[in-house]
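What follows is a single structure, written as structure tokens, with notes after it.
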Amino acid sequence: MSAEIEKKMAPVHIPVIAIDGPSGSGKGTIAHRVATRLGFHVLDSGALYRLLGAAAQRHAVAVDNEAALEVLAAHLDVQFLVDDQGEAQILLEGEDVTNAIRTEEAGRAASQVAALPRVRSALLARQQAFREVPGLVADGRDMGTVVFPAADLKIFLTASAEARAERRYRQLLEKGFDASLAALVEDIQARDDRDTQRSIAPLKPADTALVLDSTDLGIDAVVQRVFDAASAVPALAKYL
Ligand code: C5P
């Protein structure tokens, strides 16, 4: 076979940027900004765990019933759409749950179902399927360690629990919700503990991850650091 044909038949490399970190570190915002600039897809893996928590509630499955949750995860009927206004829309079993899965309660249920090993493996292939041309920015807790261990760039985005709770507090007030800052700090700490101490896929930086602390850094500065890091990776630099 000629070298040229062999080259044409070689699988196309689809680059991945993994952005992991605790709740409220700004991963979602950063992931979208980075993906928009590169023209890449986005995987919001936390949404899948939130959706599973919502499905469990809908079907009266307890958040610790691992066997039933594994089946539910394998058959999760979800659609990630964009509505007429260009806003992301998430459907669970045909119903719009875009806002419903963003509550603190949904986050708590997500982190409970996410601690179960069989649930995580049932959702693995679904997450990996988001890797499509031209590339993917994957946001979560174990993107760089488990789901995309060969990611082209791994970022671990963090911030103090107080700073993260305060951001969340402001977001809730802006949306017209009632909120208590003290309760949010407590909730974020409890979720951090559950995410970092679980035996399977705990939240931790991948060995080669670039750790960014956004406590005192604005969104633009964080995005710029990600682009600086991406420009040093040939598979990503060509999209910048
Ligand atoms: O990122 P988000 O806050 O939406 O995630 C909700 C919960 O889902 C997290 O607290 C975490 O327990 C779980 N999660 C996970 N692994 C991921 C993404 C989210 O365990 N890759």
Side-chain angles (χ1 to χ4, degrees), residues 16-32 35 41-57 63-64 66 69-70 72-73 76 78 80 88 90 92 97-131 136-149 151 154-159 161 163-165 167-169 171-172 175 179 184-206 209 214:
V16 176
I17 299 181
I19 305 186
D20 290 304
S23 315
S25 56
K27 288 175 288 121
T29 309
I30 304 298
H32 277 97
H41 303 277
V42 177
L43 163 62
D44 172 2
S45 61
L48 285 173
Y49 292 99
R50 287 172 182 267
L51 285 158
L52 182 60
Q57 195 185 22
V63 286
D64 59 354
E66 187 164 7
L69 287 167
E70 181 186 23
L72 210 51
L76 202 59
V78 301
F80 291 88
I90 304 179
L92 173 64
V97 292
T98 317
N99 295 325
I101 60 163
R102 295 295 160 200
T103 63
E104 298 306 305
E105 195 191 342
R108 216 171 300 130
S111 88
Q112 284 167 317
V113 299
L116 305 171
R118 283 159 64 184
V119 160
R120 300 198 75 87
S121 40
L123 290 178
L124 188 63
R126 196 186 281 253
Q127 294 174 78
Q128 290 168 337
F130 278 77
R131 184 179 187 184
L136 176 70
V137 180
D139 150 8
R141 304 290 187 290
D142 60 343
M143 298 297 100
T145 51
V146 177
V147 182
F148 299 107
K154 299 179 184 181
I155 305 288
F156 191 84
L157 188 61
T158 185
R164 290 182 281 128
R167 285 176 200 163
R168 182 81 186 123
Y169 179 68
Q171 273 173 2
L172 287 171
K175 286 185 188 160
L184 285 170
V185 173
E186 223 172 85
D187 211 60
I188 277 201
Q189 276 165 344
R191 199 123 68 89
D192 284 359
D193 288 348
R194 225 178 358 247
D195 290 351
T196 51
Q197 286 162 21
R198 69 183 174 215
S199 56
I200 177 126
L203 171 66
K204 63 166 189 201
S214 73

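When a ligand or atom number is given, it counts from 1 through the structure's own listing order. Please read these numbers as outputs of a predicted model, since none were measured by experiment.
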Inset, instruction - Please check if the side chain of Q127 supplies one atom and the backbone of L123 the other of a donor-acceptor pair under 3.5 Å. - result: yes
Inset, instruction - Could you tell me whether the side chain of E66 and the main chain of R118 form a donor-acceptor pair under 3.5 Å? - result: yes
Legend entry - Flag, side chain of S214 to backbone of A159, donor-acceptor distance under 3.5 Å: no
Inset, instruction - Would you please name every residue forming a ring pair (Phe, Tyr, Trp, His ring centres under 6.0 Å) with F80, sequence neighbours left out? - result: F130
Put together the list of close N/O pairs, under 3.5 Å, between ligand 1 and the protein, could you?
unit_1	atom_1	unit_2	atom_2	d
ligand 1	1 (O)	R141	NH1	2.9
ligand 1	1 (O)	R141	NH2	3.4
ligand 1	3 (O)	R50	NH2	3.0
ligand 1	3 (O)	R141	NH2	3.3
ligand 1	3 (O)	R191	NH1	3.2
ligand 1	4 (O)	R50	NE	2.6
ligand 1	4 (O)	R50	NH2	3.3
ligand 1	10 (O)	R141	NH2	3.4
ligand 1	10 (O)	R191	NH1	2.9
ligand 1	10 (O)	D195	OD2	3.0
ligand 1	12 (O)	D195	OD1	2.6
ligand 1	12 (O)	D195	OD2	3.4
ligand 1	16 (N)	R120	NH2	3.0
ligand 1	20 (O)	R120	NH1	2.8
ligand 1	20 (O)	R120	NH2	3.4
ligand 1	20 (O)	R198	NH1	2.8
ligand 1	20 (O)	R198	NH2	2.9
ligand 1	21 (N)	S45	OG	3.0
ligand 1	21 (N)	R141	N	3.1
ligand 1	21 (N)	D142	OD1	2.9

Legend entry - For T98, side chain to side chain donor-acceptor pair (under 3.5 Å) partners two or more places apart: D96
Inset, instruction - Please list, chain by chain and in numerical order, all residues satisfying salt bridge (Lys or Arg N to Asp or Glu O under 4.0 Å) with D195, sequence neighbours excluded. - result: R141, R198
